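When a residue number appears, it is its place in the shown sequence, counting from 1. Model, not experiment: these values are computed from the prediction.
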Amino acid sequence: MKKTVFFGALTIAGLAAGMASAATLDDVKARGSLNCGVTTGLTGFAAPDANGVWEGFDVGVCRAVAAAIFGDPTAVEFVPTTGETRFTALSSGEIDLLARNTTWTMSRDTDLKFDFVGVNYYDGQGFMVPKALGVSSAKDLDGATVCIQTGTTTELNLADFFRSNNISYEPVPIQTNAEAQQQYLAGACDVYTTDASGLAATRATFEAPGDHVVLPEIISKEPLGPLVRHGDSEWGDIARWTLNALIAAEELGVTSANVTDMASAPTDNPEVNRLLGTEGELGAMIGLEADWAVNAISAGGNYGELFEQNIGESTPIGLARGLNAQWTEGGLIYSPPFR
């Protein structure tokens, strides 16, 4: 009898905790804004401009989610986080969504109790060195000092690579990309290692980018994407399908320039109609208005627009689509169907 009461109490407490954790959308609406965790500053991905307005590829995801909920892409507060503080900020409820060059791993998904809602950039870890160092391969870095952000998968990948190649290194721990850049340019480390996209973004800010080279080795898989806390599937659905809406919009030819016109009346493509809310009830299924995806796409454009405007080949960062091309173009970017 006592055991039954005890376990019954635990079950009720667990249900209550689950119900309490499943109210993120209500909290966001009551607050009137989305709290989105971003990096402390990485050009092209997330950084404030001269007027303090946050912009970038990851910022675009945050603004799209805010627009899907409120119809307003500015209804978002950006919370800068480091590699060490980002997960605490999310698990504690300080932020509702983390969109910060974060690698999807099993331990983060399970042990840390997070749900990754998709991949918005397929990446891999690389190395940047001064051209004057005369190094052409990461395997030539025996004894090098290496700037590395703490609290990241980069630390483990680095140790694995050097150990498997029987070479040594001296780590120079840093917490932010700005600190890494300062230390690297000051000569405090011979090498800076992080995701290859981050290296390209960092090098683009140098006075003489051509004096630095990214070595050819890519030593890991780094699927980067936004994430939310476990325990609130409804909130995860909103973040997941907003990202999918941006991806699907590019595939379907829906852009920030034509989305309003395409949403004004049903088109000849049923999936476009379902995406834009002129057919079906997809918005209601995730607790949002019928035009949620229209608002998300209008916020900064579809996936391709966000990529090209912030980190693409026409920007100083100069990233090619590569693996981040649509599946129809030989890449890995792919949205499940809107039906």
Identify all side-chain donor-acceptor contacts of residues 290-301 below 3.5 Å with residues at least two apart in sequence or on another chain.
| unit_1 | atom_1 | unit_2 | atom_2 | d |
| --- | --- | --- | --- | --- |
| Asn295 | ND2 | Asp291 | O | 3.4 |
| Ser298 | OG | Val294 | O | 2.7 |

Problem - Side-chain heavy-atom pair Tyr169, Leu141 within 4.5 angstrom cut-off - result: no
Fill in the blank from the handout: Between Thr150 and Pro173 the two heavy atoms that sit nearest each other are CG2-CB, 3.7 Å
Exercise for the section: Please work out which of the three classes, parallel, tilted or perpendicular, describes the rings of Phe45 and Tyr121, given edges at 30° and 60°. Expected result: perpendicular
With a cut-off of 3.5 Å and sequence neighbours excluded, list every side-chain donor-acceptor pair involving residues 28-36.
| unit_1 | atom_1 | unit_2 | atom_2 | d |
| --- | --- | --- | --- | --- |
| Arg31 | NH1 | Ser33 | O | 3.0 |
| Arg31 | NH1 | Asp96 | OD2 | 2.7 |
| Arg31 | NH2 | Asp96 | OD1 | 3.3 |

Exercise for the section: Measure the spacing between CD1 of Ile238 and CG of Leu243 and express it to the nearest 0.5 Å. Expected result: 14.0 Å
Handout entry: Spatial distance of atom CZ (Arg321) from atom CD (Gln326) [nearest 0.5 Å]
Key = 6.5 Å
Exercise for the section: Return yes if some donor-acceptor pair links the side-chain N/O of Asn258 with the main-chain N/O of Gly253 below 3.5 Å, else return no. Expected result: yes
Practice task
Check whether any side-chain N or O of Arg100 sits under 3.5 Å from a backbone N or O of Gly37 as a donor-acceptor pair, and report yes or no.
Solution key: no
Problem - N/O donor-acceptor pair under 3.5 Å between Thr193 side chain and Gly126 backbone - result: yes
Practice task
Count the heavy atoms belonging to other residues, nucleotides or ligands that lie under 6.0 Å from CD of Glu271, then report whether that count exceeds 12.
Solution key: yes
Handout entry: Heavy-atom pair of closest approach, residues Gln149 and Glu155
Key = O-CG, 3.6 Å
Exercise for the section: Drop me the distance from Leu227's CG to Leu98's CG, to the nearest 0.5 angstrom. Expected result: 4.5 Å
Practice task
Kindly say whether Ile247 contributes a backbone atom to a donor-acceptor pair with the side chain of Glu251 at under 3.5 angstrom?
Solution key: no
Practice task
Can you label the angle between the Trp104 ring and the Phe116 ring as parallel, tilted or perpendicular, going by 30° and 60°?
Solution key: parallel
Problem - N/O donor-acceptor pair under 3.5 Å between His230 side chain and Leu112 backbone - result: no
Exercise for the section: Drop me the distance from Gln125's CD to Ile218's CD1, to the nearest 0.5 angstrom. Expected result: 8.5 Å
Exercise for the section: Mark yes when over 12 heavy atoms from residues, nucleotides or ligands other than Asn166 sit less than 6.0 Å from its CG; otherwise mark no. Expected result: no
Handout entry: Heavy-atom side-chain contact between Phe206 and Gln181 under 4.5 Å
Key = yes
Practice task
Tell me, with the steps shown, if Val76 and Phe70 meet side-chain contact (heavy atoms from CB on, under 4.5 Å).
Solution key: CA-CA 10 Å; Val76 53; Phe70 297 106; over 6 Å; no
Practice task
Give, for atom CG of Leu252 and atom OG1 of Thr267, the distance between the pair rounded to the nearest 0.5 Å.
Solution key: 9.0 Å
Practice task
Check the side chains of Asn302 and Ser256 for a donor-acceptor pair under 3.5 angstrom, ignoring hydrogens and angles.
Solution key: no
Practice task
Go through the steps for Asn177 and Tyr192 under the test side-chain contact (heavy atoms from CB on, under 4.5 Å), then give the verdict.
Solution key: CA-CA 10 Å; Asn177 187 68; Tyr192 179 31; 3.0 Å; yes
Problem - Whether Asp142 side chain and Ser168 backbone form a donor-acceptor pair below 3.5 Å - result: yes
Handout entry: Side-chain donor-acceptor pair present, Glu222, Thr153, cut-off under 3.5 Å
Key = yes
Practice task
Apply the test side-chain contact (heavy atoms from CB on, under 4.5 Å) to residues Arg339 and Arg274: give CA-CA distance (whole Å), side-chain angles for both, the deciding distance (0.1 Å), then the verdict.
Solution key: CA-CA 7 Å; Arg339 65 166 61 252; Arg274 291 190 292 269; 3.4 Å; yes
Exercise for the section: Measure from the side-chain N and O atoms of Thr85 to the backbone N and O of Thr81, and report whether any donor-acceptor pair falls under 3.5 Å. Expected result: no
Expected list for residues 210-217: side-chain donor-acceptor pairs under 3.5 angstrom, two or more places apart:
| unit_1 | atom_1 | unit_2 | atom_2 | d |
| --- | --- | --- | --- | --- |
| His212 | ND1 | Tyr184 | OH | 2.9 |
| Glu217 | OE1 | Ala138 | N | 3.0 |
| Glu217 | OE2 | Ser137 | OG | 2.4 |
| Glu217 | OE2 | Ala138 | N | 3.3 |

Handout entry: For the student: nearest non-hydrogen atoms of Ala239 and Leu97, plus distance
Key = CB-CD1, 4.1 Å
Problem - Side-chain donor/acceptor of Arg229 to backbone N/O of Leu90, under 3.5 Å - result: yes
Exercise for the section: Take Thr255 and Glu305 through the test side-chain contact (heavy atoms from CB on, under 4.5 Å) and record every step on the way to the result. Expected result: CA-CA 8 Å; Thr255 70; Glu305 289 179 282; 3.6 Å; yes
Practice task
Report the distance from atom CG of Leu319 to atom CG of Asp123, rounding to the nearest 0.5 Å.
Solution key: 8.0 Å
